[in-house]
Amino acid sequence: MDLLKFILVGFGLFFGVAIVGAIFYSIIDGKRLASLSPEQRAEEMAKRLKAKEAMDLEVADWRFKETYGVMVPAVICPHCAVQGHVSKKETTKITKNRVNSIPGRMVGLGTNSETQVTKMHCMNCTMDWEV
Ligand SMILES: [Zn+2]
């Protein structure tokens with residue numbers, strides 16, 4: 001019970017400090033922005049927007065790589081026959097063995113087989129296939 005209280009108080013303090021910090025930061029930042037000339041303010045906002053866009057782009061890039069891997073411009077899609085929209089990603093495909101039951105595992109038959117496959121994806125027709 002004491003541990004639970006301790007954890008709850010800890011979390012409360014942590015979020016409390018975080019929220020108060022964020023409020024203080026926004027006040028200080030607002031004052032700083034207000035003290036700038038309109039040109040400087042516009043410059044500052046443009047700089048921030050650029051930084052945010054760069055960040056968003058990085059996140060989007062990372063998510064794309066996680067989902068589709070890398071683009072392979074030379075590949076022609078076998079489904080829609082359009083070139084330059086295909087991506088590939090090396091992945092492991094786990095095939096569950098039929099004998100993956102408790103008795104099967106006991107006699108060493110129940111191993112899932114892992115195969116390295118390359119997942120292809122076409123951005124044009126949204127088809128997925130493996131090679
Ligand atoms: Zn296609």
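Numbering of ligands and ligand atoms starts at 1, following listing order. The figures that follow rest on heavy atoms only: side chains count, while hydrogens, waters and symmetry mates do not.
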Practice prompt. Compare every heavy atom of Ser87 with every heavy atom of Met71, then report the nearest pair and how far apart it is.
Written response: SD-CB, 3.8 Å
Practice prompt. Could you grab the distance from atom CD1 of Ile28 to atom CD1 of Ile23, nearest 0.5 Å is fine?
Written response: 12.0 Å
Discussion item. Could you report the tightest heavy-atom contact between Asn124 and His85, atom names first, then the distance?
Written reply: N-CB, 3.9 Å
Taking only distance into account, with no hydrogens and no angle test, what donor-acceptor pairs under 3.5 Å do side-chain atoms of residues 44-58 form with protein atoms, sequence neighbours excluded?
residue, atom, partner, partner atom, Å
Glu44, OE2, Arg32, NH2, 3.4
Glu44, OE2, Arg48, NE, 3.0
Glu44, OE2, Arg48, NH2, 3.3
Arg48, NH1, Asp29, OD2, 2.9
Arg48, NH2, Asp29, OD1, 2.8
Arg48, NH2, Asp29, OD2, 3.3
Lys52, NZ, Asp56, OD2, 2.9

Discussion item. Strictly under 2.8 Å of the Zn ion (ligand 1): which protein N/O/S atoms qualify?
Written reply: Cys77 SG, Cys80 SG, Cys122 SG, Cys125 SG
Response to the item:
Here the gap from Glu66 atom CD to Lys89 atom NZ, rounded to the nearest 0.5 Å, amounts to 5.5 Å
Worksheet item: For residues Thr92 and Gln116, is any side-chain donor paired with an opposing acceptor at under 3.5 Å?
Response: yes
